[in-house]
Q: 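For reference, the structure I am asking about is given below.
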Amino acid sequence: MSFNPENLTIHESSRLLEEKKISSVELCGAYLERAKKLEPKVKAFLKLEEEQIISQAKASDARRSSGSKLSPFDGIPVAVKDNITVKGQTCTCASKILQKIVSPYDATVIGKLKEKGFVLFGSTNMDEFAMGSSCENSAYQKTANPWNLGCVPGGSSGGSAASVAAGEVTAALGSDTGGSIRQPASLCGVVGFKPTYGRISRYGLIAFASSLDQIGPITRDVEDAAILTDVMCGIDPKDATSLPGTNEIFAEGIGSFGDLKGVRIGLPKEFFEVEGLDSGVRKSMEKSIQVFKDLGAEMVQVSLPHSKYAVATYYVIATAEASANLARFDGIRYGNRMKADNLIETYLETRGAGFGDEVKRRIILGTFVLSSGYYDAYYTKGQKVRTLIRNDFQEAYRKCDVILTPVSPTTAFKFGEKSDPLQMYLADIFTISTNLAGICGICVPADIHENGLPVGIQLLGPDMGEKQLLRISHAFEKNRAIKEFIPKV
């Protein structure tokens, strides 16, 4: 059977495998062939080992041939961001300091994917230690946006988003600390989902900012995002912050909202008054609002007054936690070690050579805000403002079911365009609040800008509000003007 891998979703692949119209070897082989063709241009993967992938696919086909009871997703390939550990494989976080470190264990999410028979399809590129919004901070390569190879794919999960958008793999895992799943999903025209903090175990995710990090899926459609969330979520004794399961199955009945009558969608005025919001992105938002109205949803004005402090608050809290988390990478306990004459020089030489400029910048800033005399002035105050931001969302959800916002102020920008770190930090202005509040959020492709690049919308749900959020997102996806987002890479 001939098929186009770039069009396939997880649920479509599952049906084809179950009906024996394709084999896992054929499916994975088709993606490998496409990746061989496109990777010299896109560079989404840091590691893509054909022998390992085909071996997993053959094992899946053997299970299917033997008549074993299989999960519906056995044999379907999923790529993994290079900050999620896979036993026996390197996990570099796109950093030189970890380039030779082999993981001795699987992350909890990887164990769950393996239990369902998913084929682990390579490691995707990222901003070093997940610090960035463009995938330009990798120590190894720059990933290009499949829609325009001169533009960035977004970050930090840029490799995962680009690999799915380019049709090199069915779906991918990313991590989201301040928008690192949703922003690249918007820039690459795919779905990116950040669940409620704690829904998915962080065990095996190399930490950037522990109170903000969240693993989530990057997929072709909303149903696939629901499927992967079903597979990965649940309480984990290895992660004290993981939440007990609520026995919800997000993919089941995802299309049950034929229309959206009775659904209240909040429009936060602060997010639509941001200076620098591109006029084309604004037009796409207006079109999307009309789609929701046509589906019967009620649009409600809400206010998130403390969101204007979100970027500053985020970069105090996130850098402080990064400073603490990355202290272990010193060449003694973890990481490559540079030769030096004494212990202090070993630390300095190792961390100086191993970390890139952006990582160093954030470690320095984080160490400063945690230092004696500044802790209360910055870090404690940041945590207080974080509480105010969370309270704003809780108050807004008294008036609405979900909140609609842009994902990014602009479409994908050119390499080097945002060389000023402060300009780059503002690329996440619409996504950061979600992580500070710990709520769930999703990016769904909505429109094509006049410049030919995709534009996504962001829907935000309350704590544990994934089921309704995904159903509303699915209804929008089915009724948007543009049905498919496939770049001509």
Side-chain angles (χ1 to χ4, degrees), residues 81-83 92-99 125-143 152-159 175-180 183-184 206-213 309-331 334-336 338 344 347-375 377-379 381-383 385-386 408 413 415-429 431-432 435-436:
K81 186 176 179 179
D82 197 41
N83 61 347
T92 72
C93 285
S95 177
K96 290 181 180 178
I97 205 165
L98 291 178
Q99 61 185 349
N125 194 28
M126 56 184 283
D127 285 302
E128 185 181 6
F129 282 102
M131 298 181 189
S133 305
S134 65
C135 220
E136 293 176 281
N137 293 330
S138 170
Y140 302 108
Q141 61 191 32
K142 292 180 181 178
T143 297
V152 305
S156 63
S157 306
S175 66
D176 193 310
T177 307
S180 289
Q183 186 253 16
I206 297 179
F208 164 14
S210 303
S211 72
L212 301 166
D213 297 340
Y309 305 117
V311 173
T313 302
Y314 172 85
Y315 279 101
V316 167
I317 294 172
T319 57
E321 295 185 11
S323 172
N325 281 326
L326 271 62
R328 72 195 74 179
F329 303 114
D330 56 12
Y334 296 94
N336 294 330
M338 300 296 290
I344 297 299
Y347 289 148
L348 294 175
E349 292 294 329
T350 295
R351 290 169 70 82
F355 290 138
D357 289 344
E358 183 60 31
V359 175
K360 292 174 186 175
R361 185 179 294 116
R362 298 196 192 196
I363 289 173
I364 291 169
L365 179 57
T367 303
F368 172 77
V369 302
L370 289 175
S371 61
S372 176
Y374 295 99
Y375 184 94
Y378 294 104
Y379 186 71
K381 188 176 290 185
Q383 292 289 12
V385 177
R386 179 182 191 170
S408 174
F413 45 91
F415 286 107
E417 186 175 320
K418 296 186 185 295
S419 55
D420 179 355
L422 293 178
Q423 280 188 324
M424 186 69 76
Y425 295 166
L426 290 173
D428 296 330
I429 193 168
T431 55
I432 279 171
N435 299 76
L436 291 169

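Throughout, numbering of the chain's residues begins at 1 and tracks the sequence. No hydrogens, no waters, no symmetry mates; every other heavy atom, side chains included, goes into these values.
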Q: Check whether any side-chain N or O of Gln183 sits under 3.5 Å from a backbone N or O of Ser408 as a donor-acceptor pair, and report yes or no.
A: no
Q: Closest heavy-atom contact between Lys81 and Ala130?
A: NZ-CB, 4.2 Å
Q: Decide side-chain contact (heavy atoms from CB on, under 4.5 Å) for Val385 and Val316; before the verdict, give the C-alpha distance in whole Å, the side-chain angles of both, and the deciding distance to 0.1 Å.
A: CA-CA 11 Å; Val385 177; Val316 167; over 6 Å; no
Q: Indicate the atoms forming the closest heavy-atom contact of Met126 with Ala94, along with that distance.
A: O-CB, 3.3 Å
Q: Measure the spacing between OH of Tyr425 and CZ of Arg362 and express it to the nearest 0.5 Å.
A: 4.5 Å
Q: My understanding is that only residues two or more places apart in sequence, or in another chain, count here; which of them pass side chain to side chain contact (heavy atoms under 4.5 Å, CB included) with Ala322?
A: Met131, Phe208
Q: Please give me the minimum heavy-atom distance between Ala320 and Val369, naming the atom from each residue.
A: CB-CG2, 3.8 Å
Q: Go through the structure and list residues passing salt bridge (Lys or Arg N to Asp or Glu O under 4.0 Å) with Asp127, not counting sequence neighbours.
A: none
Q: Test of understanding: with side-chain hydrogen bond (donor to acceptor under 3.5 Å, both in side chains), list the residues that count as partners of Tyr315, not counting sequence neighbours.
A: none
Q: Keeping the roles fixed (side chain from Ser95, backbone from Gly354), state whether a donor-acceptor pair exists under 3.5 Å.
A: yes
Q: Would you give the length of the straight line joining atom CG of Asn125 to atom NZ of Lys142, rounded to the nearest 0.5 angstrom?
A: 11.5 Å
Q: Residues in ring pair (Phe, Tyr, Trp, His ring centres under 6.0 Å) with Phe355, at least two apart?
A: Phe129
Q: Looking only at non-hydrogen atoms, find the nearest pair between Asn435 and Gly178 and report the distance.
A: OD1-CA, 3.4 Å
Q: Nearest 0.5 Å please: distance from the OG1 atom of Thr431 over to the CG atom of Asp176.
A: 7.0 Å
Q: Could you report the tightest heavy-atom contact between Asn325 and Ser210, atom names first, then the distance?
A: ND2-OG, 3.2 Å
Q: Once side-chain hydrogen bond (donor to acceptor under 3.5 Å, both in side chains) is applied, do any residues pair with Asn83, and if so which ones, sequence neighbours excluded?
A: Ser175
Q: Is Cys135 close to Val152 at the side-chain level, that is, under 4.5 Å between some pair of heavy atoms?
A: no
Q: Working note: Ile206 + Phe329, criterion side-chain contact (heavy atoms from CB on, under 4.5 Å); need CA distance, chi angles, decisive distance, verdict.
A: CA-CA 11 Å; Ile206 297 179; Phe329 303 114; 4.1 Å; yes
Q: Measuring only between side-chain heavy atoms, which start at C-beta, is Leu436 closer than 4.5 Å to Leu212?
A: yes
Q: Can you find a pair of side-chain heavy atoms, one from Ser134 and one from Glu417, that are under 4.5 Å apart?
A: no
Q: Within the structure provided, determine whether Ser180 and Ser157 are in side-chain contact (heavy-atom separation under 4.5 Å).
A: yes
Q: Rounded to the nearest 0.5 Å, how far apart are OG of Ser323 and CD1 of Ile364?
A: 10.0 Å
Q: Compare all side-chain heavy atoms of Leu326 with those of Ile97 and state whether any distance is below 4.5 angstrom.
A: no
Q: Would you please name every residue forming a ring pair (Phe, Tyr, Trp, His ring centres under 6.0 Å) with Phe368, sequence neighbours left out?
A: Tyr374, Tyr378
Q: Listed by chain and number, what are the salt bridge (Lys or Arg N to Asp or Glu O under 4.0 Å) partners of Arg361, not counting sequence neighbours?
A: Glu358
Q: In chain order, what residues pass the side-chain hydrogen bond (donor to acceptor under 3.5 Å, both in side chains) check against Thr319, with sequence neighbours excluded?
A: none
Q: With Arg386, which residues qualify under salt bridge (Lys or Arg N to Asp or Glu O under 4.0 Å), at least two apart?
A: none
Q: Is there a side-chain contact between Ile317 and Ser211 in this structure, where contact means two heavy atoms from C-beta onward sitting under 4.5 Å apart?
A: yes
Q: Does any part of the side chain of Tyr314, heavy atoms only, come nearer than 4.5 Å to the side chain of Thr177, both counted from C-beta?
A: yes
Q: Applying side-chain hydrogen bond (donor to acceptor under 3.5 Å, both in side chains), can you list everything that pairs with Asp428, at least two apart in sequence or on another chain?
A: Ser133
Q: With a 6.0 Å cut-off (strictly less than), is the heavy-atom count around CG of Asp357, excluding the residue itself, greater than 12?
A: no
Q: Which heavy atom of Met338 sits nearest a heavy atom of Glu349, and at what distance?
A: CG-O, 3.5 Å
Q: For Lys96, which residues count as a side chain to side chain contact (heavy atoms under 4.5 Å, CB included) partner, sequence neighbours excluded?
A: Ala139
Q: Which residues pass the salt bridge (Lys or Arg N to Asp or Glu O under 4.0 Å) test with Glu321, not counting sequence neighbours?
A: none
Q: Roughly how far, to the nearest 0.5 Å, is the CG atom of Asn336 from the OG1 atom of Thr350?
A: 8.5 Å
Q: Does Lys381 have more than 12 heavy atoms from other residues, nucleotides or ligands lying within 6.0 Å of its NZ?
A: no
Q: Is it true that atom OH of Tyr309 has more than 12 heavy atoms of other residues, nucleotides or ligands lying nearer than 6.0 Å?
A: no
